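Just follow the structure's listing: the first ligand is 1, and inside any ligand the first atom is 1. Bear in mind the structure is a predicted one, so any value in this text is a computation, not a measurement.
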Amino acid sequence: MNPFALILSSPSGGGKTTLTRLLLERRDDVGYSISCTTRKPRLGETDGVDYHFLTREEFLARRLRGDFAESADVFGNLYGTLRQEVEMVFSSQRHVVMDIDVQGALQFLAAFPESVPVFLLPPSADVLLSRLKSRNTESAEIVRQRLTAARDELRAVVRYDYVVINDDLERAYRQVAAIVDAETVRHSRLPGLEERVEGLISELDRQISSNLTVGRS
Ligand code: 5GP
């Protein structure tokens, strides 16, 4: 198989983190690229598991070295995907699921054009709002910032090959899983396809000519 990156984008509160978790729990052909961030760990988050937590200086130095496939400033903190993390998942023959923001997603797509971009659309503004407000970790100011960002992020939907409306988690999961399955058998991703087809054609040619020979005798 030729593994690819599944880019899941949505505004904050759109459900990409929950869907990413489900994909990782339920499918063994999918792995995760642990991002770097300069934000402080939240309660229960572990360095090297949820994120690689870096200082701003460390992050900027790694960015200068070209370690990131994409990076973005999200609400005042820096986030980035290490090329090395993505390559590690690919080398284990798994697709990599990327829970990254829209700016980063578009950069990543330019660097890895074989990626599959999927936009998770919240079913309504009310649902998005209540999902954001139910996160006890966010202050009113942060909720306001995220809603303002969501307005702009929604417009990027036209850049995505697939759009999944996340009104029912299980249905959204099934649709995303179906996208992964379909993309796995995309013509351009099938290794050795030409050789396989040539082999089939040669076998048919042999059968055709031996039938002709039998027919003549
Ligand atoms: P949080 O701080 O709540 O974990 O994530 C905030 C936002 O940053 C989310 O939209 C998340 O998808 C995004 N994010 C997480 N990792 C990355 C990354 O590596 N690159 C980019 N561009 N965004 C990321």
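Counting heavy atoms under 4.0 Å from ligand 1, residue R39 touches it through the side chain alone. Of the heavy atoms in H52, none comes closer than 4.0 Å to ligand 1. Counting heavy atoms under 4.0 Å from ligand 1, residue V74 touches it through the side chain alone.
Put simply, the side chain of R189 gets close to the backbone of E114: a donor and an acceptor are under 3.5 Å apart.
Ring geometry for F68 against F59 counts as parallel: the plane angle stays under 30°, on a 0 to 90° scale with 60° as the upper cut.
Considering backbone and side-chain atoms alike, G80 places an N or O below 3.5 Å from some N or O of ligand 1. Residue contacts with ligand 1: E45 is placed with no nitrogen or oxygen under 3.5 Å of a nitrogen or oxygen of the ligand (distance criterion only). At least one N or O atom of R42 sits closer than 3.5 Å to an N or O atom of ligand 1.
Atoms of ligand 1 lying under 4.0 Å from any heavy atom of G104, numbered from 1 in the order shown and given with element: 22 (N). Annotation for ligand 1: atoms under 4.0 Å from non-hydrogen atoms of A72 are 22 (N). The atoms of ligand 1 that sit less than 4.0 Å from any heavy atom of K16 are 9 (C), 10 (O), 12 (O). Distances below 4.0 Å separate heavy atoms of Y51 from the following atoms of ligand 1: 1 (P), 2 (O), 4 (O), 5 (O), 15 (C), 16 (N). Set against the non-hydrogen atoms of T81, the atoms of ligand 1 under 4.0 Å away are 19 (O).
Atom CG of L60 and atom OG1 of T55 lie 8.5 Å apart (nearest 0.5 Å). Rounded to the nearest 0.5 Å, atoms OG1 (T184) and CG (N2) are 10.0 Å apart.
The heavy atom nearest to atom 19 (O) of ligand 1, considering only A105, S35, C36, is found in S35. For the residues D50, D101, T17, I100, the heavy atom positioned nearest atom 22 (N) of ligand 1 is part of D101. Residue D99 holds the heavy atom nearest to atom 14 (N) of ligand 1 of all those in T20, D99, L106, L82.
The shortest side-chain heavy-atom distance between F119 and L154 falls under the 4.5 Å cut-off. Looking only at side-chain heavy atoms (C-beta outward), N77 and D73 stay at 4.5 Å or farther from each other.
Checked for salt-bridge contact, R171 and D167 meet the test: a charged N lies under 4.0 Å from a carboxylate O. The residues R27 and D181 are annotated as salt-bridged, a charged nitrogen and a carboxylate oxygen being separated by less than 4.0 angstrom.
Counting only N and O atoms by type, the side chains of T20 and Y32 include no donor and acceptor under 3.5 Å apart. Side-chain contact of H52 with E85: a donor-acceptor pair under 3.5 Å is present, judged by distance alone.
Within the structure, ligand 1 has E70 among the residues with a heavy atom less than 4.0 angstrom away.
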